[in-house]
Undergrad: 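Before I ask anything, let me first share the structure, which is written out below as structure tokens.
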There are 2 protein chains.
Amino acid sequence: METINEQQIWNVYLRNCPCRDVLDLLANKWTALMMGALRTSPHRFGELRRAVEGISQKMLTQNLRTLERDGLVTRTVYPTTPPSVEYALTDMGREVSGYLVALSDWSQRNFSEITAARQDYDAKTEIQADGKAIPVAV
Amino acid sequence: METINEQQIWNVYLRNCPCRDVLDLLANKWTALMMGALRTSPHRFGELRRAVEGISQKMLTQNLRTLERDGLVTRTVYPTTPPSVEYALTDMGREVSGYLVALSDWSQRNFSEITAARQDYDAKTEIQADGKAIPVAV
DNA sequence: CGGGATCCGGTCGGATACTG
DNA sequence: CAGTATCCGACCGGATCCCG
């Protein structure tokens, strides 16, 4: 006996599908980096902040709360002095983190090729702009 | 003979790594949906607009230009009357679109579980807030 | 250490109007 | 049909100050 394929209910391509909110949360630079860092191992707040360089305390807190609320991350408080708080992925979080690190890794691997594509594009559109090429030399 | 593992140069976790821009582009709700639609087949502008319900013409154009510039999407103009323009994925675009649809699909599949997690979280934090449960009934 | 609260500039993104 | 241009409100996200 199998569970009936219960869900093609939600469709992100539809205008008012509520599951777009989830995609919106996941498709976010900071979320991808945070989940990627947590995928390595659980992190304390400060560790996470250092792991994801440049993230502000506000964005870190905000996204952590949302991820916790959505059941992707757990928050455990150890009543030491000073208190320490550990964030870890849930099973659901671990699953989706795979897709997110895939995106990060891809960005790193393909950056040079993308940079090349940009230069090509910019060179061509500059020529088109006023009908003549712009000399690179001074 | 193998190509030397030429690239661990770029690291999205570092503060000023330029490849973060790429991640920023990809980790975007509209990008994910557009790439997902294009993955099925090439689309004309209007088709794409209808496929990704609710996207404004401005965002569609803007993201298409960026994706084209980054070499993830091609733009082909057929000089018919009225003119028709076709957008399609490049090889690089097709590759990354896989990761993006994985995110979309995951959002759809897990939406109900996430909703449940949210309700749990909200119920608990409401109780914590002022020390007593808030009755649901009117 | 792990946050909460607030101020504020910048950009995201929708709505509308116009073009070839 | 496939855009460009502009206005404008919303919120994203950083900086700063504060607390237990």
Side-chain angles (χ1 to χ4, degrees), chain A residues 12 14-16 20-21 23-34 37-38 42-69 73-88 121 125 128-131, chain B residues 12-16 20-21 23-34 37-38 42-69 73-88 121 125 128-130:
Chain A
V12 286
L14 298 184
R15 186 181 302 264
N16 291 328
R20 273 198 179 175
D21 294 346
L23 180 59
D24 218 1
L25 165 67
L26 299 177
N28 168 318
K29 178 179 62 178
W30 294 132
T31 299
L33 294 175
M34 290 166 56
L38 288 178
H43 281 64
R44 295 182 52 181
F45 188 87
E47 290 173 350
L48 201 48
R49 172 135 74 153
R50 284 184 295 276
V52 181
E53 285 195 5
I55 191 170
S56 68
Q57 171 272 330
K58 177 181 171 181
M59 283 302 100
L60 186 53
T61 303
Q62 200 169 95
N63 284 324
L64 279 173
R65 288 289 169 276
T66 306
L67 291 170
E68 187 195 357
R69 185 169 108 100
V73 160
T74 62
R75 175 177 186 269
T76 311
V77 182
Y78 297 101
T80 57
T81 46
S84 93
V85 180
E86 191 174 79
Y87 293 93
Y121 183 92
T125 51
Q128 304 279 47
D130 54 359
Chain B
V12 285
Y13 294 95
L14 298 183
R15 187 182 302 265
N16 291 327
R20 273 199 179 175
D21 295 345
L23 181 58
D24 217 1
L25 165 66
L26 298 179
N28 170 317
K29 178 180 62 176
W30 293 132
T31 300
L33 294 176
M34 288 165 56
L38 288 178
H43 281 65
R44 295 181 52 180
F45 188 86
E47 289 173 351
L48 200 49
R49 169 129 83 149
R50 283 185 295 275
V52 181
E53 285 195 5
I55 191 171
S56 68
Q57 169 274 333
K58 177 182 171 182
M59 284 301 101
L60 186 54
T61 302
Q62 201 170 92
N63 284 324
L64 279 172
R65 288 290 168 278
T66 306
L67 291 170
E68 186 194 358
R69 184 169 109 101
V73 160
T74 60
R75 176 176 185 269
T76 311
V77 183
Y78 298 101
T80 56
T81 46
S84 93
V85 180
E86 191 173 79
Y87 293 93
Y121 183 92
T125 51
Q128 303 279 46
D130 54 1

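Letters go in sequence order (proteins before strands), and every chain restarts at 1. Source: prediction; values computed, not measured.
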Undergrad: With B/E47, which residues qualify under side chain to side chain donor-acceptor pair (under 3.5 Å), at least two apart?
TA: none
Undergrad: Taking the side chain as everything from C-beta on, heavy atoms only, tell me whether A/Y87 gets closer than 4.5 Å to A/H43.
TA: no
Undergrad: I need the CD-C1' distance between A/E53 and D/dG14, as an integer number of Å.
TA: 16 Å
Undergrad: Nearest whole angstrom, please: distance from the P of C/dC1 to the CD of A/E86.
TA: 16 Å
Undergrad: Using the side chain to side chain contact (heavy atoms under 4.5 Å, CB included) criterion, which residues pair with A/T80? Sequence neighbours excluded.
TA: A/Y78, A/S84
Undergrad: May I ask you to evaluate whether A/R65 reaches the phosphate of C/dG4, defined as a side-chain N or O under 4.0 Å from OP1 or OP2?
TA: yes
Undergrad: Would you mind reading off the bend of the helix from C/dC1-D/dG20 to C/dG20-D/dC1 from its two end axes, five pairs each, to 10 degrees?
TA: 40°
Undergrad: Atom CZ of A/R50 and atom C1' of C/dC1: how far apart are they, to the nearest Å?
TA: 10 Å
Undergrad: Taking only side-chain nitrogens and oxygens of A/Y87, does any of them come within less than 4.0 Å of OP1 or OP2 of C/dG3?
TA: yes
Undergrad: Among residues at least two apart in sequence or on other chains, which ones pass side chain to side chain donor-acceptor pair (under 3.5 Å) with A/R69?
TA: B/D122
Undergrad: Could I get the full list of side chain to side chain donor-acceptor pair (under 3.5 Å) partners for B/R44, not counting sequence neighbours?
TA: none
Undergrad: A/E68 has an atom CD; how far is it from atom P of C/dG2, in whole Å?
TA: 15 Å
Undergrad: Please list every donor-acceptor pair under 3.5 Å in which a side-chain atom of residues 50-58 of chain A meets a protein atom from a residue at least two apart or in another chain.
TA:
{"residue": "A/E53", "atom": "OE1", "partner": "B/R15", "partner atom": "N", "Å": "2.8"}
{"residue": "A/S56", "atom": "OG", "partner": "A/M59", "partner atom": "N", "Å": "3.2"}
{"residue": "A/Q57", "atom": "NE2", "partner": "A/T61", "partner atom": "OG1", "Å": "3.2"}

Undergrad: Between C1' on C/dG3 and CG on A/L64, what's the gap in Å once rounded to a whole number?
TA: 11 Å
Undergrad: Under the side-chain contact (heavy atoms from CB on, under 4.5 Å) test against B/L48, which residue among B/V85, B/L64, B/L33 passes?
TA: B/L64
Undergrad: Just N and O in the side chain of B/R44: are any of them under 4.0 Å from OP1 or OP2 of D/dC1?
TA: no
Undergrad: Looking at residues at least two apart in the chain, or sitting in another chain, which of them share a side chain to side chain donor-acceptor pair (under 3.5 Å) with A/T66?
TA: none
Undergrad: Please figure out whether B/R49 or A/P82 has its closest DNA chain D nucleotide nearer the 5' end.
TA: B/R49
Undergrad: Polar atom pairs between nucleotides 10-13 of chain D and protein, under 3.5 Å, N or O only, would you list them?
TA:
{"residue": "D/dG13", "atom": "N7", "partner": "A/K58", "partner atom": "NZ", "Å": "2.8"}
{"residue": "D/dG13", "atom": "O6", "partner": "A/K58", "partner atom": "NZ", "Å": "3.1"}

Undergrad: Over how many whole Å does the gap from A/Q57 atom CD to D/dC19 atom P extend?
TA: 15 Å
Undergrad: Taking atom P of D/dG14 as reference, at what distance in whole Å does atom CG of B/N16 sit?
TA: 12 Å
Undergrad: Suppose we screen for side chain to side chain contact (heavy atoms under 4.5 Å, CB included). Which residues come up paired with B/P42, at least two apart in sequence or across chains?
TA: B/E86, B/A88
Undergrad: Report the distance from atom CD of B/E47 to atom C1' of D/dC1, rounded to the nearest whole Å.
TA: 11 Å
Undergrad: With heavy atoms under 4.0 Å as the rule, sort B/R75 into base, sugar-phosphate or nothing.
TA: sugar-phosphate
